[in-house]
Protein chains: 2
Amino acid sequence: MSNVKVLPLLEPEAPEAVVPCCPPLTERPLTADEAEKTARMFKALGDPVRLRLFSLVASHEGGEACVCDISDVGVSQPTVSHHLKKLKEAGLLTSERRGTWVYYRVEPAVVAAMGQMLGSLG
Amino acid sequence: MSNVKVLPLLEPEAPEAVVPCCPPLTERPLTADEAEKTARMFKALGDPVRLRLFSLVASHEGGEACVCDISDVGVSQPTVSHHLKKLKEAGLLTSERRGTWVYYRVEPAVVAAMGQMLGSLG
DNA sequence: CCTTTGTTTCGACATCCATCGATCCCTTGC
DNA sequence: GCAAGGGATCGATGGATGTCGAAACAAAGG
């Protein structure tokens with residue numbers, strides 16, 4: 001396509017309203033908008049490779065993991081990168097570059113919100 | 001920080017562990033098999049229409065809903081049926097025919113299990 | 001039997017998406 | 001400046017998936 005890299009599409013790191021979407025799924029039917037937003041988060045965990053990457057980050061010492069620590073999930077490196085990007089876009093992970101390596105960590109509020117929608121609070 | 005409990009392998013006290021799959025995502029990385037299983041459940045909620053249908057059933061009076069009660073989500077009726085089937089295959093819903101109508105209800109244990117995988121991240 | 005109404009299945013189609021190799025970008029070290 | 005290695009992006013591709021209309025199936029009533 002284009003080599004026009006001047007288009008400002010999305011600001012770097014869309015801050016995004018992180019938490020406040022949606023009551024427990026049992027409380028009332030979701031609106032179309034709410035469902036659209038929320039489904040993105042569930043869809044992000046709806047792939048086996050992404051789910052593994054997510055649990056690798058979530059369970060990693062210090063609550064964060066370098067890409068090099070979690071790249072052994074049976075797919076190529078570009079694919080790993082692609083999935084991490086998806087998880088990031090869904091708001092489930094954040095990333096930070098420190099020197100040579102890029103570290104990913106879980107966004108706790110978002111994941112907690114998903115859990116609450118499923119009624120895990122009992 | 002709280003618990004470093006030894007994990008009780010696989011048999012004691014599983015009152016209604018209808019879902020044999022998987023500890024909280026923070027506890028340890030999922031295996032490929034576990035991820036495959038679990039991703040199916042999250043994927044089922046990863047579509048806006050399915051998520052709406054699910055919340056319609058979950059929040060409906062009596063804990064169940066007839067297809068005719070929840071068919072107004074903006075897609076054709078065959079599509080509704082297709083999505084309900086997907087939710088059923090994922091183990092999130094069950095169905096029962098009573099006379100003319102078919103009623104769907106939530107499978108609580110499965111949903112609770114999903115919530116627990118996410119809930120301990122707070 | 002035939003008709004009506006609720007629900008599922010079938011076939012077809014367009015779109016999305018996971019995956020890869022190749023390539024490019026970034027940082028560090030020589 | 002240049003080489004090396006970690007990560008991200010690009011372009012292509014095969015397979016999965018959401019959607020619909022038409023048709024089939026099931027139960028209830030005339």
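A salt bridge is absent between E107(A) and K88(A); no separation between the charged side-chain nitrogens and carboxylate oxygens falls under 4.0 Å. Ion pairing between E34(A) and R28(A) holds under the 4.0 Å rule for side-chain N and carboxylate O. Note on E64(B) versus R98(B): salt bridge recorded, some NZ/NE/NH1/NH2 to OD/OE distance being below 4.0 Å.
Residue H83(A) is classed as a sugar-phosphate contact, given heavy-atom separations below 4.0 Å to backbone atoms only. Across all strands, Y104(A) comes closer than 4.0 Å only to sugar-phosphate atoms, never to a base (heavy-atom distances). Nucleic acid contact class of R98(A) (heavy atoms, under 4.0 Å, all strands): none. Residue T100(A) is classed as a sugar-phosphate contact, given heavy-atom separations below 4.0 Å to backbone atoms only. Residue-level contact check: V80(B) touches neither bases nor backbone, having no heavy atom under 4.0 Å from any strand.
Taking atom CG of residue L84(B) and atom C1' of nucleotide dT19(D), one finds them 15 Å apart after rounding to whole Å. To the nearest angstrom, C1' of dG18(D) lies 16 Å from CG of L45(B). Per the geometry, CG belonging to D47(B) stands 13 Å off C1' belonging to dA16(D), to the nearest Å. As rounded to whole Å, 7 Å separates atom C1' of dC17(C) from atom NE2 of H82(A). Nucleotide dG18(D) holds its P atom 13 Å from the CD atom of E36(A), rounded to whole Å. Protein atom NZ of K86(B) is 13 Å distant from nucleotide atom P of dT9(C), rounded to whole Å. To the nearest angstrom, P of dT17(D) lies 10 Å from CD of E89(B). One atom, CZ of R52(B), and another, C1' of dG18(D), lie 16 Å apart when rounded to the nearest Å.
When each of Q77(A) and G99(A) is assigned the nucleotide of DNA chain C with its nearest heavy atom, Q77(A) is the one assigned upstream, toward the 5' end. Of the residues near DNA chain C, G74(A) and K43(A), the one whose nearest nucleotide (by heavy atom distance) lies more toward the 5' end is K43(A).
Phosphate proximity of dG7(D) to K85(A): absent, as no side-chain N or O sits under 4.0 Å from OP1 or OP2. Dashed line: the shortest gap from a side-chain N or O of S76(A) to OP1 or OP2 of dC20(C) is under 4.0 Å. For dA18(C), the OP1/OP2 oxygens have a side-chain nitrogen or oxygen of R50(A) closer than 4.0 Å. The shortest distance between the side-chain N/O atoms of T79(A) and the OP1/OP2 oxygens of dT19(C) is not below 4.0 Å.
The two atoms that bring A44(B) and L92(B) nearest to each other are CB-CD1, 3.9 Å, heavy atoms only.
Considering only side-chain atoms of V75(B), the nucleotide from dT17(D), dT8(C), dT19(D) that sits closest is dT19(D). Here the side chain of P78(B) is nearest to one of dG7(D), dT19(C), dT8(C), namely dT8(C).
A 4.5 Å side-chain heavy-atom check between H82(B) and V75(B) finds every atom pair outside the cut-off.
A cation-pi arrangement is not found for R97(B) relative to Y103(B), the charged atom failing to lie both closer than 6.0 Å to the ring centre and inside a 45° cone about the ring normal.
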